[in-house]
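Take a look at the structure set out below.
Atoms within a ligand are numbered from 1 in the order they appear, just like the ligands themselves. The chain is numbered in sequence order, starting from 1.
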Amino acid sequence: MKTSTAIPELTAAEAAALIQNGNTIGFSGFTPAGAAKAVPSAIAKRAMAEHEAGRPFKVGVVTGASTGDSLDGELARADAVAWRTPYQSDKYLRRSINAGKTHFFDMHLSMLPQNVRYGFLGPIQFAVIEACDVSPDGDIVLTTSVGATPTFCHVAEKIIIEINDHHPKALRGLHDIYEPLDPPHRKAINVNACSDRIGSDVLKVDPSKIVGIVRTSLPDETGGFKAPDETTLQIGENVARFLANEFKIGRIPPEFLPIQSGVGNIANAVLGAIGKHPDIPAFEMYSEVIQDSVIDLIKEGCIKFASATSLTLSPPRLAEVYESLEFFKERMLLRPQEISNHPEVVRRLGIISINTAIELDIFGNVNSTHVMGKDLMNGIGGSGDFTRNAFISIFTCPSVAKGGAISTIVPLVSHLDHSEHSVQVVITDQGIADLRNKDPHERALAIIENCANPEYREDLHHYLESVKEGHTPQSLALAYSMHQAYLKNGDMRTVNWTDCGCAE
Ligand code: 0RQ
């Protein structure tokens, strides 16, 4: 492809100068993969200069999911983010959100693009996106993620493209770009297998909207993964054991079913364990993120095909993929997050979802997003898209956090993201609680006995025994006693079940 001479080449600073205070910007990026880098960093510098001159400068930031430091980090440090959606995982932005300086509203990732198209987020003035190539007539080859970029480009008044030569133009063919029509004209999403392609290998935009190209050569700001520790290895083994048994007794069909796995160290270890289990056949992935362990498993033939919306790899793994790009293009593809996470497709393909909880209660309600009921961690991400529609929905987490001072299994979650109606299986380093066909009391016993840390089992049993009445045995007075103990003494093990002063 030849780059159009009609599209002006700008420096990042010149591109940032086009952005006005109060604008809403749709940035490419789903995790740090494929995120815009040079322009957001220049916008942060512009914001600081404006603030020094005594002028207000803040923008609305919409992305696919989390991004890298030069986007969320730099903009948050410059106090330049008026509002933000959906998922984020940056410590500076998190601080700004929890301090009330940035308005954040969370959203299921599959719904972000349609909410943008429906106008629910207001007008989008700019799409700032990363690509590896663009043609004069507006055919764009994206890089390591698709996310919500197609929608941002279609809705935005103006488009700025970072052409990043860190990524080869030969990435063309990795992407499958498709945007559904909106109701009442929407049609079925015709993905009937993980490898089905329903769109175009390029993103087609109106070239007259492209106001500038910024040339960069910047790697994705993805961190590496921690080597699995004893806890994550045990969680991984427990998940693999559970799935191997479901397969053995015939509840999972002989072809196996596609796996969705969240992002992070636990998810990486879980996938590794599933891939290596001798009784689990080679399988496919229909997920949102392709992480390091997927690449290893593709090479070993344990994963036959992986569909996702981002290639979130450590730098050495990405280099490996680029060295054998044609091999990997036959075995994976990247779709918009609206399709990678689409409830219709998740239900049709029979996806086994595996996501991570911050805390979960003895009845199977899951908190994925908030610490002690109030402080945002990252966001719901795609966990709800998959959990609610999965063939089997699994939640994993270590049985304790903060060196044992917090039990992740509590009487009642302090914030609710996934309800007991969507959560079927809970797995910790301690074991497996299969919640299917169990009433709330039976669920509580299974979770306490199989998943809670031994240090907390007695307390949780004590709670359950003291609140025997009702279909869901619960005491509104005592349910947060463990959280209260942590807030008061920094350790849930100091819980005092009687100091709430009530008769129960
Ligand atoms: O904090 O590092 O300061 O100690 O939470 O916990 O155990 O390192 O696990 O990195 O996998 O993150 C749920 C946040 C887990 C993530 C969550 C503290 C703990 C540590 C991180 P420290 P770990 P992970 C795919 C699907 C929601 C979205 C989702 C997440 C930090 O997986 O954001 O699933 N999920 N999306 O100490 C207080 C507790 C705690 C706690 C853990 N009960 N109380 N702190 N921590 N449990 C992603 C996308 O959609 C893109």
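Using a 3.5 Å distance cut-off with no hydrogens or angles, the side chains of His418 and Ser368 do pair a donor with an acceptor. No hydrogens or angles considered: nothing links the side chains of Ser310 and Glu288 as a donor-acceptor pair under 3.5 Å.
Close approach of ligand 1 to Gly262 is summarised as follows: ligand atoms under 4.0 Å from at least one heavy atom of the residue are 25 (C). Residue-ligand proximity, Gly381 to ligand 1, at heavy-atom distances under 4.0 Å covers atoms 50 (O). Of all atoms in ligand 1, numbered sequentially from 1 with element shown, those under 4.0 Å from a heavy atom of Leu109 are 50 (O). Listed by number with element, the atoms of ligand 1 under 4.0 Å from a non-hydrogen atom of Tyr87 are 28 (C), 30 (C), 33 (O), 51 (C). Near Ile406, with a cut-off below 4.0 Å to any heavy atom, the atoms of ligand 1 are 38 (C), 39 (C), 43 (N), 44 (N).
The shortest contact between atom 49 (C) of ligand 1 and any protein heavy atom is with Glu288 OE2, 2.6 Å. Of all protein heavy atoms, the one lying nearest to atom 34 (O) of ligand 1 is Ser383 CB, 3.4 Å. Among all non-hydrogen protein atoms, the one lying nearest atom 5 (O) of ligand 1 is Met377 CE, 3.0 Å. Remark: minimum distance from atom 9 (O) of ligand 1 to any protein heavy atom is reached at Ile266 CD1, 4.2 Å. Regarding atom 39 (C) of ligand 1, its nearest protein heavy-atom neighbour is Ile358 CG2, 3.6 Å. Protein heavy atom closest to atom 42 (C) of ligand 1, with residue, atom name and distance, is Ala401 CB, 4.0 Å. Of the protein's heavy atoms, Ile380 O, 3.8 Å lies nearest to atom 36 (N) of ligand 1. The protein atom (non-hydrogen) at minimum distance from atom 3 (O) of ligand 1 is Lys402 NZ, 3.2 Å.
Counting all heavy atoms, side chain and backbone alike, Phe283 lies closest to Gly275 at CE2-CA, 4.1 Å. Listed here is the closest heavy atom pair of Pro86 and Asp106: C-OD1, 4.4 Å. The minimum heavy-atom distance linking Asn268 with Ser293 is given by the pair OD1-OG, 2.8 Å.
Protein heavy atoms all stay at least 4.0 Å away from atom 23 (P) of ligand 1. Using a 4.0 Å threshold on non-hydrogen atoms, atom 12 (O) of ligand 1 does not count as touching the protein. Atom 32 (O) of ligand 1 is approached by the protein to below 4.0 angstrom, counting heavy atoms only.
Proximity of Asn355 to ligand 1, defined as any heavy-atom pair under 4.0 Å, is confined to the side chain (atoms from C-beta onward). Contact annotation: for Thr356 versus ligand 1, heavy atoms closer than 4.0 Å belong to both the backbone and the side chain.
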Taking it one step at a time, do Lys37 and Glu130 satisfy salt bridge (charged side-chain N to carboxylate O under 4.0 Å, His left out)?
-> CA-CA 8 Å; Lys37 301 168 187 67; Glu130 180 179 273; 2.6 Å; yes
Can Glu237 and Arg241 be said to form a salt bridge (charged side-chain N to carboxylate O under 4.0 Å, His left out), step by step?
-> CA-CA 6 Å; Glu237 270 174 39; Arg241 180 159 57 90; over 6 Å; no
Check against salt bridge (charged side-chain N to carboxylate O under 4.0 Å, His left out), Glu455 and Arg493 = CA-CA 8 Å; Glu455 282 208 90; Arg493 287 169 289 204; 2.9 Å; yes
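By the 3.5 Å distance cut-off applied to N or O atoms, Ser407 is not counted among the residues near ligand 1. The N/O atoms of Gly379, backbone and side chain alike, include none that comes under 3.5 Å of an N/O atom in ligand 1. Inclusion of Gly264 in the set of residues having an N or O under 3.5 Å from an N or O of ligand 1 is not warranted. In terms of N/O distances under 3.5 Å, ligand 1 is not approached by Glu359.
Here Trp83 and Phe104 keep their ring centres 6.0 angstrom or further from each other.
Using modelled atom types, one side-chain atom of Tyr480 and one backbone atom of Val413 make a donor-acceptor pair closer than 3.5 Å.
Side-chain contact check for Leu464 versus Ile448: some heavy-atom pair is nearer than 4.5 Å.
With respect to Arg117 and Glu338, a salt bridge is recorded, a charged nitrogen being found less than 4.0 Å from a carboxylate O. The existence of a salt bridge linking Glu246 and Arg436 is confirmed by a sub-4.0 Å separation between a basic side-chain nitrogen and an acidic carboxylate oxygen.
Considering CD1 of Ile352 and OG of Ser261, their distance stands at 11.5 Å, rounded to 0.5 Å.
Heavy-atom proximity to atom 30 (C) of ligand 1, evaluated over Leu376, Leu360, Asn265, Asn378, is greatest for Asn378.
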